[in-house]
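Everything below concerns the one structure shown next.
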Amino acid sequence: MLLIDCPWCGSRAETEFSYGGEAGIVRPADPDALSDAEWADYLFNRTNPRGAHRELWNHAQGCRRWFGVERDTVTYRIARSFTLPDAAGAADGGVERDFETGDPTDAEPGDRR
Amino acid sequence: MKRYSALSLVRNALDYNRSWQTAWRSPEPKKSYDAIIVGGGGHGLATAYYLARDHGIRNVAVLEKGWIGGGNTGRNTTIVRSNYLWTEAALLYEKSMQLWEGLSQELNFNVMFSQRGVYNLGHSLQDMRDIERRVNANRLNGIDAEVVSTADLKRAIPSLNTSPDARYPILGASLQRRAGVARHDAVAWGFARAADALGVDIIEQCEVTGIDVRGGKAVGVETTRGPIASDRIGVVVAGHASALARMADLRLPIESHPLQAFVSEPIRPVLDTVVMSGAVHGYISQSDKGELVIGAGIDAYNGYGQRGSFPVIEHTLQAIIELFPAFSRVRMLRLWGGIVDVCPDACPIVSKTPVDGLYFNCGWGTGGFKSTPGSGWVFARTMAHDEPHELNAPFSLERFTTGALIDEHGAAAVAH
């Protein structure tokens, strides 16, 4: 069982969350300008790393908000959670927490280092 | 290779079993080969076997980073069937089924293929409509399939809860009588031994760490046991396909997930067939040792850890107890996870790549074991002729660009 840190609700059991796959995939602004191969890469291709993975989770049975988690795909250890920027790139007010201590970190909300 | 037979049993018994040959050699890797197969699972070994048997390419190395039978080949629930919905998939899995039917004789190794039938249960009107559609599609493709009623199920599987009062009442099922199970370890060992006898070098404890590409052509691999040259490289590494693709600067439409399975303590014979339910979401059969062999869906998150989360175990056992309330007091003996490579359309990629001489066979997801011989057969042909066979031509990497996906989520029987 993963213990996942929701930036708004704190640490909760994995069963409260649903998984959203790789984070940081941005929908192309002008799909018509893309070749079929570029569109296919956006739609289907995934990094699928062995090791550190930035991924999306939704707190489906809690605040129902999306956020990001950095997790190791081999050890399953979660390094940190992070909030997502809105369409304009502004932070949406979530607090980034250090998973080990539960304390807010000094990272900018929405920071995607 | 000395053939196994009843006579060989007697002869070796007289010799106090001191003269059995090892099943395959452990050769040192050569500097170069006519073909390299990366991955010594069932699919890779089958590919090497059919390359040697059908295409005269015998100077072949199979590179395995662990040991033969230690990956997904030894981690599945051993179910073999070919009742897929779409023609492309049905014909590919049916090719495999036909190879299964003669495999023990072909390999001179008992893979214990037991055609005990597979039932796919329906729990709603829509399930039954889908089942009838799939059964009819199967029959049009020449694959045996029939729809059975709840009364038939009650007769055939007395321990199954067919009560109308069940939380998810069973309304019927599809049945493929030619489907069944096989002994997974024996499949790996049988293909390894038969390929070795045809001259294939099986090199264990040899991890591929790089793929050498020059001028758009594959020329060899880097391994933990030194570089090995070849202009024909087939990658068959299931869950690690993305990592291998990255070595050649390719991206794949694949995500790796843990898929868990478990066996119970051995009990008396109670289930002589295979029961699968896509709706309550579990599948079960009984091994020859008496263990109940149980599986269900993948863990939702990406993972390479060969283990998953407890909620999936709980969910799986809930499904099994829903179907077979009598199993509620059976204890589980072992559980494990394999890493499955899941494609967006739940169908495999058996394909050439943009790199000349580099071929990928991956994306089998949760359904790889059943396709072991057929996968090897079409992949060998693809590597030998640099051109896919008509059976695997639809399963190209390009289908994700052209949009010609083959959506088998329905017949995959496991939610992805």
Side-chain angles (χ1 to χ4, degrees), chain A residues 1-6 11-26 28 31-32 34-62 66-79 81 99, chain B residues 65 207 209 237-247 249-258 260 297-315 337 339-347 349 354 362-363 396-405 415-416:
Chain A
M1 174 86 81
L2 302 179
L3 193 61
I4 297 172
D5 194 34
C6 172
S11 287
R12 301 292 182 88
E14 174 191 342
T15 46
E16 291 190 16
F17 298 86
S18 59
Y19 181 67
E22 184 176 331
I25 297 172
V26 180
D32 289 342
L34 300 184
S35 69
D36 286 350
E38 288 166 330
W39 181 243
D41 188 59
Y42 158 69
L43 271 188
F44 297 122
N45 288 346
R46 295 294 177 264
T47 313
N48 193 23
R50 186 180 152 81
H53 189 226
R54 295 168 65 82
E55 57 198 23
L56 298 172
W57 287 85
N58 180 263
H59 196 183
Q61 294 176 42
W66 286 97
F67 60 98
V69 169
E70 192 175 304
R71 187 179 59 90
D72 188 296
T73 58
V74 180
T75 64
Y76 301 165
R77 184 178 176 280
I78 292 174
S81 298
F99 186 72
Chain B
K65 77 168 176 180
E207 180 175 357
T209 54
V237 295
H240 288 76
S242 300
L244 268 288
R246 211 152 20 243
M247 294 174 190
D249 290 327
L250 299 174
R251 272 164 64 81
L252 295 178
I254 280 180
E255 291 195 297
S256 300
H257 294 269
Q260 304 187 74
I298 58 173
D299 279 73
Y301 50 76
N302 291 34
Y304 286 85
Q306 294 192 324
R307 64 188 189 283
S309 289
F310 282 107
V312 172
I313 300 170
E314 189 177 19
H315 173 81
I339 303 304
V340 296
D341 42 341
V342 176
C343 263
D345 59 355
C347 273
I349 297 166
C362 57
S396 69
L397 199 49
E398 290 91 66
R399 76 177 186 270
F400 297 97
T401 304
T402 62
L405 304 189
H416 287 111

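Labels below follow one simple rule: chain letters A, B, ... track the order of the sequence lines, proteins then strands, and each chain is numbered from 1.
- Leu405(B) touches chain A through its side chain: at least one heavy atom from C-beta onward sits under 4.5 Å away, while N, CA, C and O do not.
- Contact of Gln306(B) with chain A is made through the backbone alone, with heavy-atom distances under 4.5 Å.
- Here CD of Glu14(A) is found 3.5 Å from OG of Ser309(B). Values are rounded to the nearest 0.5 Å.
- In this structure, CE on Met1(A) lies 9.0 Å from CZ on Phe310(B), to the nearest 0.5 angstrom.
- With a 6.0 Å radius and a threshold of 12 heavy atoms from other residues, nucleotides or ligands, Tyr42(A) has its OH atom above the threshold.
- Ring geometry, Trp57(A) versus Tyr301(B): the interplanar angle falls from 30° to 60°, so the pair is classed tilted.
- Heavy-atom distances place both the backbone and the side chain of Phe44(A) under 4.5 Å from chain B.
- Looking only at atom types and distance, the side chain of Asn302(B) has a donor-acceptor partner in the side chain of Tyr19(A) under 3.5 Å away.
- We find the CZ-CD1 distance between Arg46(A) and Ile254(B) to be 12.5 Å, quoted to the nearest 0.5 Å.
- Taking CD of Glu55(A) as the start and CD of Glu255(B) as the end, the distance is 9.5 Å to the nearest 0.5 Å.
- Both the backbone and the side chain of Arg307(B) come within contact range of chain A, each with at least one heavy atom under 4.5 Å from a heavy atom of that chain.
- When the candidates Pro344(B), Ala245(B), Gly403(B) are compared by the number of heavy-atom contacts under 4.5 Å with chain A, Pro344(B) comes out ahead.
- Counting only N and O atoms by type, the side chains of Ser256(B) and Asn48(A) include a donor and acceptor under 3.5 Å apart.
- Scanning both residues, Pro258(B) and Tyr76(A), for their nearest heavy atoms gives CG-OH, 3.3 Å.
- Looking at Asp72(A), there are no atoms closer than 4.5 Å to chain B (heavy atoms on both sides), in backbone or side chain.
- Scanning all heavy atoms of the two residues, the minimum distance from Arg251(B) to Asn45(A) falls at NH2-O, 3.3 Å.
- Neither the backbone nor the side chain of Ala243(B) comes within contact range of chain A; no heavy atoms are under 4.5 Å apart.
- Contact between Arg246(B) and Pro49(A) at its shortest, heavy atoms only, is NH2-CA, 3.7 Å.
- Proximity to chain B (any heavy atom under 4.5 Å) is shown, for Thr47(A), by both the backbone and the side chain.
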